[in-house]
Amino acid sequence: MRLSSRFAALAGAALTVAALVGSTPASAGAVPDQAGDGGHNAHGQWQRASEYLNLHQCVYFPLVPAGAQRFTTLVPSRDGRFATGTNISTTQDPQGQPSCGPGNGNFELSLAESKVLGVDLTAGRYLNLHQCVYYNSFTRDHFTVVVPIDTDFSAGTNVSNTPDTAPSCADGNGIFQLIPLLSGVKALDQNAGRYVNLQQCVYYSDSHADHFTTVVPSRDGRFATGTNISNTPNSTPSCGRGDGNFLPIPVLSGVKALPLT
């Protein structure tokens, strides 16, 4: 009986030593399941791999009168003539290399004003889409910016754990003035579903011969869009009725359902 007790004590001590020597910190065994698909952090929590929403902002203007009455697209128009390369990818697209359609012959691409913004969707819970609308009273031209162009025409689109409630916009260049009433921001909760449904509504005024674009609703609600995150991929844009002077143009409007991973 004494021998058995002694062996039992020695065995217990050996197990204790083995446990101490062989134990591995949680961080040492944390490796990604697949390269590029994320992995576990030092606390054993799953971390999503970097995933970028690459917003391709394409700006078009008419040949006659040259440079006036520009308009913006972030998703392809429904007729396909005014295409954009907006996508979700594991890589960030270069800012100065937007993928845009050639236009329709009457309207052509303005390369200087077309830009790309790649925001890392894993940087926070909310995708904050900022829309800044500018107006030139001389040419009666509205100009929409969601992706920053330069210090004069900039929007604060970002990903954060804080939902933004007011748009962050540059002031314009003196000729084009910011119109706060038509600008806006929408905070999209990435926990709400699998798809970023980016909706684009283009409005037109016959009396002004002027197009302008909304991707989020204007602050006064007259120029609405249905941009959302949900488990359902949208196929048709949901646009407001305009204000009587500016009316929606279905053929230039569009929606792109971008799957989150």
Side-chain angles (χ1 to χ4, degrees), residues 31-41 45-58 72-101 114-131 144-148 155-164 184-202 213-217 224-239 250-261:
V31 294
D33 287 5
Q34 286 186 329
D37 290 339
H40 294 90
N41 63 17
Q45 299 167 320
W46 178 258
Q47 283 190 321
R48 183 172 152 203
S50 290
E51 182 178 41
Y52 294 94
L53 171 61
N54 293 302
L55 292 165
H56 288 238
Q57 175 176 280
C58 301
T72 303
T73 62
L74 279 99
V75 305
S77 59
R78 295 176 79 179
D79 63 1
R81 294 176 300 167
F82 300 96
T84 84
T86 292
N87 68 83
I88 288 181
S89 171
T90 55
T91 58
Q92 191 174 35
D93 292 350
Q95 186 205 21
Q97 299 179 27
S99 176
C100 302
S114 300
K115 300 291 181 183
V116 179
L117 177 66
V119 291
D120 187 351
L121 293 171
T122 66
R125 176 174 172 177
Y126 296 96
L127 168 60
N128 294 304
L129 287 174
H130 290 239
Q131 168 184 290
T144 301
V145 174
V146 176
V147 171
T157 295
N158 69 87
V159 174
S160 167
N161 283 318
T162 304
D164 293 349
V185 63
K186 191 160 190 178
L188 300 169
D189 187 347
Q190 294 188 70
N191 292 339
R194 292 180 53 212
Y195 297 93
V196 178
N197 292 303
L198 192 60
Q199 299 198 14
Q200 166 184 293
C201 299
V202 179
T213 305
T214 60
V215 176
V216 306
T225 83
T227 293
N228 68 85
I229 291 180
S230 78
N231 284 318
T232 304
N234 295 173
S235 57
T236 304
S238 176
C239 300
V251 75
L252 296 180
S253 303
V255 61
K256 192 163 190 178
L258 300 160
L260 296 165
T261 58

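Heavy-atom basis, side chains included; hydrogens, waters and symmetry copies ignored. Computed from a predicted model, the values in this text were never measured in an experiment.
Side-chain atoms of Thr72 and Val145, non-hydrogen and from C-beta on, never get closer than 4.5 Å to each other. Gln57 has its side chain out of reach of Leu117: every pair of non-hydrogen atoms, C-beta onward, lies at least 4.5 Å apart. Using a 4.5 Å heavy-atom threshold, the side chains of Asp189 and Ile229 count as separate. Residues Cys100 and Thr84 fail the side-chain proximity criterion, which asks for heavy atoms closer than 4.5 Å. Side-chain contact between Gln97 and Val116 is absent, with no heavy-atom pair separated by less than 4.5 Å. For the pair Thr157 and Val147, the minimum side-chain heavy-atom distance is 4.5 Å or more.
Here CG of Leu252 is found 9.0 Å from OG1 of Thr73. Values are rounded to the nearest 0.5 Å. Between the OH atom of Tyr195 and the CG atom of Asn234 there is a distance of 11.0 Å, given to the nearest 0.5 Å. The CG atom of Leu127 sits 7.5 Å away from the CG atom of Leu55 when rounded to the nearest 0.5 Å. From Cys58, atom SG reaches atom CG of Leu74 across 7.5 Å, with rounding to the nearest 0.5 Å. Between atom CG of residue Asp120 and atom CG of residue Leu53 there is a gap of 10.5 Å, rounded to the nearest 0.5 Å. Taking CD of Gln190 as the start and CZ of Arg125 as the end, the distance is 10.0 Å to the nearest 0.5 Å.
Checking Asn228, Thr236, Thr214, Val75 one by one against Gln199, the side chain to side chain contact (heavy atoms under 4.5 Å, CB included) holds for a single residue, Asn228.
For Lys186 against Gly226, the heavy-atom pair with the smallest separation is NZ-C, 4.5 Å. What you find for Asp93 and His56 is that their closest heavy atoms are OD2-NE2, 2.8 Å. Between Pro76 and Lys256, the closest heavy-atom pair is CD-CD, 4.3 Å. Shown here for Val251 and Ser77, the closest heavy-atom pair between the two residues is O-CB, 3.6 Å. The shortest non-hydrogen separation linking Val216 to Val185 is CG2-N, 4.0 Å. Of all non-hydrogen atoms in Ser253 and Cys201, the two that sit nearest each other are OG-CA, 3.6 Å.
Side-chain N or O atoms of Asn197 include none that pairs as donor or acceptor with a backbone N or O of Pro233 at under 3.5 Å.
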